[in-house]
Amino acid sequence: MKMRADIKMKLVDDPQRALRSYSFWLMLACSLTFLVPYIAYSVFQYDGMDPIVMGWLGIGFNLGALILRLVAQPDGWGRNLLRIIIALVVISIFGLLAVPSANAGGLPEAKFQPRDAPITSGATVTEKQIIENALPFLEKWEGVRLKAYIPVPGDVPTICSGTTRGVKLGMVLTPTQCKAMLRSEATEYWRGVAAYMTEETLRSRISVPRGGAWTSFSINLGWVTAGRATAMRRLNAGDIRGSCDAMTWYNRAGGRIMRGLVNRRGAEWVNCMAGLGNA
C-alpha cells in the first residue's frame with residue numbers, strides 16, 4: 001500500500017480560530033489537571049491535590065470539550081460571556097483544589113492517652129512505659145510525613161505515621177503533633193490487643209519491650225488479627241519464645257514475602273525476646 005506523497009502536515013490558516021474555540025480551552029484545562037499537580041509537587045513540594053479528584057476533573061473538561069464541538073456556539077456578547085463563565089469555573093476549581101483545607105494545620109483528635117498505672121493488678125509494667133518504648137520503633141517502621149498525602153490511588157488521606165482519622169489533603173502538622181497522634185493510636189491498639197491477653201500474661205509475661213513489640217504487631221496487622229493469632233495463643237499458654245517466633249510468620253503482602261515485613265518482624269522479634277536470650 002502506497003502513501004500519497006502530496007499529503008503534508010501544516011498549521012491551520014487561521015490559528016486565532018482555534019484560540020477562539022471553547023473546546024480548545026477546555027482541552028487545555030484538561031491537560032492542566034494532569035500537569036498542575038505534577039508541577040506543584042516537583043517545584044514546590046506541594047502534594048495537597050487529590051489525584052482522584054483531579055483525574056475526574058480532567059475527564060469532565062474533556063467531555064465538555066467534546067460536547068462543545070457538537071453544539072453551535074453563540075456570537076457577540078454571548079460568546080464573551082461564555083468565555084468568562086468557563087474561565088471563572090476553571091480558576092475556581094483549581095483554586096479550591098490548590099488551597100489547603102480550612103482545617104489544614106489543625107490537629108486531628110488524639111483520643112487516647114497512656115495511663116501511668118500497671119497494666120493489670122500485680123504487674124510492674126505500666127501502659128505509659130510500653131507506649132513510650134514503642135513510639136521510636138513505630139516512627140522508624142511507619143515513617144513520618146508531616147504533609148497529608150494519598151499513599152496509593154484510591155486510598156484515604158494519610159499523615160504522620162499512618163494516621164487517617166480526621167485527615168484532609170492540605171493538612172500539615174508539626175513533629176510534636178505527629179508524635180501526639182502516634183501516641184494516641186499506639187495506646188488504642190495496645191489496649192485492643194491487650195484485651196486478648198490473660199491476666200497472668202499481663203501480670204508476668206509482658207515486659208516493656210515485649211509490650212512495645214505487640215503494640216507494633218497489632219498496628220501493622222490490626223488488633224483483632226493479632227489477638228487471634230497463634231502468637232497470642234502461645235503467649236497466653238506461657239510459651240513466650242514460641243509466641244515471638246510465631247509473630248515472624250506475618251511477613252507477606254499480596255501473597256508474597258516482603259523484605260520490609262521480614263525486617264520489621266525481625267526487629268519485633270528482638271524486642272519480644274528481650275530478657276529471654278536467643279538460645
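Position 1 is the first residue of the sequence; numbering continues from there.
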Short question: side chain of T164, backbone of G162 - any donor-acceptor pair under 3.5 Å?
-> no

Expected output: side-chain R241 to main-chain M273 donor-acceptor under 3.5 Å | no

Between R265 (side chain) and W249 (backbone), is there a donor-acceptor pair under 3.5 Å?
-> no

For A231 and S243, the nearest pair of non-hydrogen atoms, with its separation, is O-OG, 2.7 Å

Provide the closest heavy-atom pair for Y196 versus G192 in the form atom of the first, atom of the second, distance.
-> CD1-O, 3.5 Å

Do the side-chain N and O atoms of T163 and E185 include a donor-acceptor pair separated by under 3.5 angstrom?
-> yes

Side-chain (N236) to main-chain (T198) donor-acceptor, under 3.5 angstrom | yes

Search all heavy atoms of S161 against all heavy atoms of G143 and return the closest pair with its distance.
-> OG-O, 2.7 Å

About how many Å separate OG1 of T120 and CD of E199, when rounded to the nearest 0.5 Å?
-> 3.5 Å

Backbone of G211 reached by a side-chain donor or acceptor of T215 within 3.5 Å = yes

The side chain to side chain donor-acceptor pair (under 3.5 Å) partner of T230 among R233, R234, R228 is R233

Parallel, tilted or perpendicular for W214 and F217, by the 30°/60° rule?
-> perpendicular

Under 3.5 Å, is there a donor-acceptor pair between the side chain of Q129 and the main chain of V208?
-> no

Got a donor-acceptor contact below 3.5 angstrom from the T248 side chain to the D245 backbone?
-> yes

May I ask you to decide if G275's main-chain N or O and R210's side chain share a donor-acceptor pair within less than 3.5 Å?
-> no

Say you draw a straight line from CE of M232 to CG of L235; how long is it, rounded to the nearest 0.5 Å?
-> 6.0 Å

Partner of E139 under salt bridge (Lys or Arg N to Asp or Glu O under 4.0 Å), chosen from K179, R183, R145 | K179

Would you say L138 and W141 make side-chain contact, with heavy atoms under 4.5 Å?
-> no

Minimal non-hydrogen separation, I159 against K147, with atom names = CG1-C, 3.8 Å

Taking every non-hydrogen atom, the tightest pair across A213 and C272 = CB-N, 3.9 Å

Closest non-hydrogen atom pair between L202 and A123, with its separation = O-CB, 3.8 Å

